[in-house]
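The structure under discussion appears below in the form of structure tokens.
Basis for what follows: all heavy atoms, side chains included, without hydrogens, waters or symmetry-related copies.
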Amino acid sequence: MPDHAPQPVDRIAPTDEARELFALVRELARREIAPTAADEEEAGHFPREVFALLSRSGLLALPYDSAYGGGDQPYEVYLQVLEELAAVRLTVGLGASVHTLACHALAGFGTKEQRAELLPAMLGGGLLGAYCLSEPAAGSDAASLRTKAVRDGDDWVLTGTKAWITHGGIADFYTVLARSGGPGARGITAYLVPGDAPGLSAAVPERKMGMKGSPTAQVHFDGVRVPDSRRLGEEGQGFTIALAALDSGRLGIAACATGVAQAALDGAVEYATGRRQFGRPVADFQGLRFLLADMATQIAAGRALYLAAARLRDAGLPFAKEAAMAKLMCTDTAMKVTTDAVQVLGGYGYTADFPVERYMREAKVLQIVEGTNQIQRMVIARHLAGPESR
């Protein structure tokens, strides 16, 4: 049996432009990201220069309106770009997804004047965004957040702490959900806060199992003044805005998880077809052949699910249930596939000399971020059987 080099994913592009975009992203990732990914992750280096390149190339603006500097690309295309980036380095793919999430509130709920003034720089001006919803005591129960926004003339004064913030401390702008009214979901409003606002600071980044190159930190708001012109949507609309963003963001996580799983499968196939034991490639042994086949099938099923959800979104149809399903399946698949990839490589898979151990460590966080997979099951069940009895 000859060695088999991994082949690029055979994507069905909806347009010739999309096909060219996929090729461009693959080449950019191969040339600009892949050579230093492992070393930079080990060193905990955030590749800000890569994000500047993505911004200049229009890759941080793909699903947004070209009138504001966006790429006018459907989610079906945007998500496959995320998958390509995440397959090379999750810090980059997930970072692009978070940036897109941070732009969502302004693009979807801002006034025409706000979008014209602020979106072009956010989408293509080299800026990097962060999304501030979770808090130390409000994770899965996001509606219980405590960060306060108090009206003071034409300003709002924000006080509180956000937690688990990707790009915390290095972002140029933060989309922040804060309590401007009473308890519960209806008392929350969204704000766009500059990263250099007086009173805004970040804690030392968390020490994580994986994705060491992507800073995750608490962000503190100590009397941060935000003009009312930076309020996004109506007062009390913030939780609705947050949920809309998360439905789309979950598709981004699903695509990133699929990219990580695909990278792990590619590494496993390359090793299994090149490694010889008992006089033949280990890929000749049925136990490994079946394992590789299962891995490939699970990845293909996850990719089909996130693309189906994306097409619903692109058609303007409800997709929240399908987004939760995609996030659940793709991230569980990534955990399973990366674990199996380590097994295929045996002892070598457990060493940092091969990237599959990094993929396995990175896959775990994808089952947690933007709604744990237990929360996804709750969301799906509510669509099927209605809300839980109280």
Side-chain angles (χ1 to χ4, degrees), residues 33 36-55 60 82 85-86 88-103 122 126-140 142 145-147 158-178 192-222 224 246 249 252-253 256-257 260 331 352 355 357-372:
I33 303 173
T36 58
D39 290 343
E40 289 188 355
E41 280 299 318
E42 183 65 24
H45 172 74
F46 179 74
R48 186 60 193 256
E49 65 285 353
V50 169
F51 283 90
L53 174 60
L54 295 179
S55 182
L60 295 184
L82 285 187
L85 294 173
V88 178
R89 188 176 179 188
L90 182 58
T91 285
V92 176
L94 187 68
S97 179
V98 167
H99 175 85
T100 301
L101 181 70
C103 296
M122 291 164 59
L127 303 184
L128 189 66
Y131 188 75
C132 294
L133 176 61
S134 295
E135 297 182 0
S140 295
L145 63 84
R146 298 176 183 175
T147 295
L158 273 57
T159 303
T161 296
K162 295 295 182 178
W164 311 111
I165 306 304
T166 301
H167 304 154
I170 65 169
D172 299 299
F173 63 91
Y174 296 83
T175 294
V176 182
L177 286 303
L192 187 65
V193 183
D196 60 356
L200 188 156
S201 63
V204 174
E206 307 288 350
R207 298 171 59 203
K208 298 178 298 184
M209 178 191 301
M211 283 193 69
K212 297 178 182 179
S214 176
T216 303
Q218 290 191 351
V219 177
H220 305 299
F221 298 85
D222 185 10
V224 174
L246 286 176
I253 299 302
C256 287
V260 172
T331 58
E357 63 84 27
R358 171 163 62 90
Y359 301 148
M360 180 179 172
R361 288 185 288 106
E362 292 176 341
K364 184 62 208 175
V365 75
L366 299 173
Q367 295 179 301
I368 299 170
V369 296
E370 296 196 26
T372 67

Is there a donor-acceptor pair closer than 3.5 Å between any side-chain N or O of [X] and the backbone N or O of [Y]?
X	Y	answer
H99	G129	yes
E40	G213	no
Q218	A163	no
D172	L128	yes
S55	F51	no

Once rounded to the nearest 0.5 Å, what's the spacing between atom [atom1] of [X] and atom [atom2] of [Y]?
X	Y	atom1	atom2	value
L90	L85	CG	CG	10.5 Å
I165	E135	CD1	CD	9.0 Å
I368	W164	CD1	CH2	9.0 Å
L177	L158	CG	CG	10.5 Å
C132	L145	SG	CG	11.0 Å
E370	Y131	CD	OH	8.5 Å

Q) Any chance CD of E42 has more than 12 other-residue heavy atoms, nucleotides or ligands included, within less than 6.0 Å? A)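 Not more than 12 within 6.0 Å, no.
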Q) More than 12 heavy atoms of other residues, nucleotides or ligands under 6.0 Å from CZ of R146: is that the case? A)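 No.
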Would you name the heavy atoms of [X] and [Y] that are closest together and state the gap between them?
X	Y	answer
H220	A202	CD2-C, 4.4 Å
F221	K162	CE1-CG, 3.8 Å
L200	G195	CD2-O, 3.8 Å
G95	H167	O-CE1, 3.5 Å
A217	A203	CB-O, 3.7 Å
P215	F46	CD-CD1, 3.6 Å

**Q.** Those residues that, when tested against A38, pass side chain to side chain contact (heavy atoms under 4.5 Å, CB included) (two or more places apart)
**A.**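 Checked A38 against side chain to side chain contact (heavy atoms under 4.5 Å, CB included); matches are R358.
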Q. With sequence neighbours left out, what residues match A257 under side chain to side chain contact (heavy atoms under 4.5 Å, CB included)?
A.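 If we apply the side chain to side chain contact (heavy atoms under 4.5 Å, CB included) test to A257, skipping adjacent residues, the hits are C330, T331, A334, L366.
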Q: Could you check if a side-chain atom of L133 sits within less than 4.5 angstrom of a side-chain atom of L246, using non-hydrogen atoms only?
A: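 Counting from C-beta outward, L133 and L246 do come under 4.5 Å.
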Q) Do E41 and T91 come within less than 4.5 Å of each other through their side chains, counting heavy atoms only? A)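 The answer is yes; the side chains approach within 4.5 Å.
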Q) Which of these passes side chain to side chain contact (heavy atoms under 4.5 Å, CB included) with V92: C256, S97, P47? A)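 Option passing the side chain to side chain contact (heavy atoms under 4.5 Å, CB included) with V92: P47.
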Q: Evaluate the side-chain contact (heavy atoms from CB on, under 4.5 Å) criterion for residues D222 and S201: first the C-alpha distance (whole Å), next the side-chain angles of each, then the deciding distance (0.1 Å), finally the verdict.
A: CA-CA 8 Å; D222 185 10; S201 63; over 6 Å; no
Q.
Show me the pairs that pass side chain to side chain donor-acceptor pair (under 3.5 Å) and involve residues 207-216, at least two apart or across chains.
A.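 Counting only pairs at least two positions apart or across chains, the side chain to side chain donor-acceptor pair (under 3.5 Å) contacts touching residues 207-216 are K208-T216.
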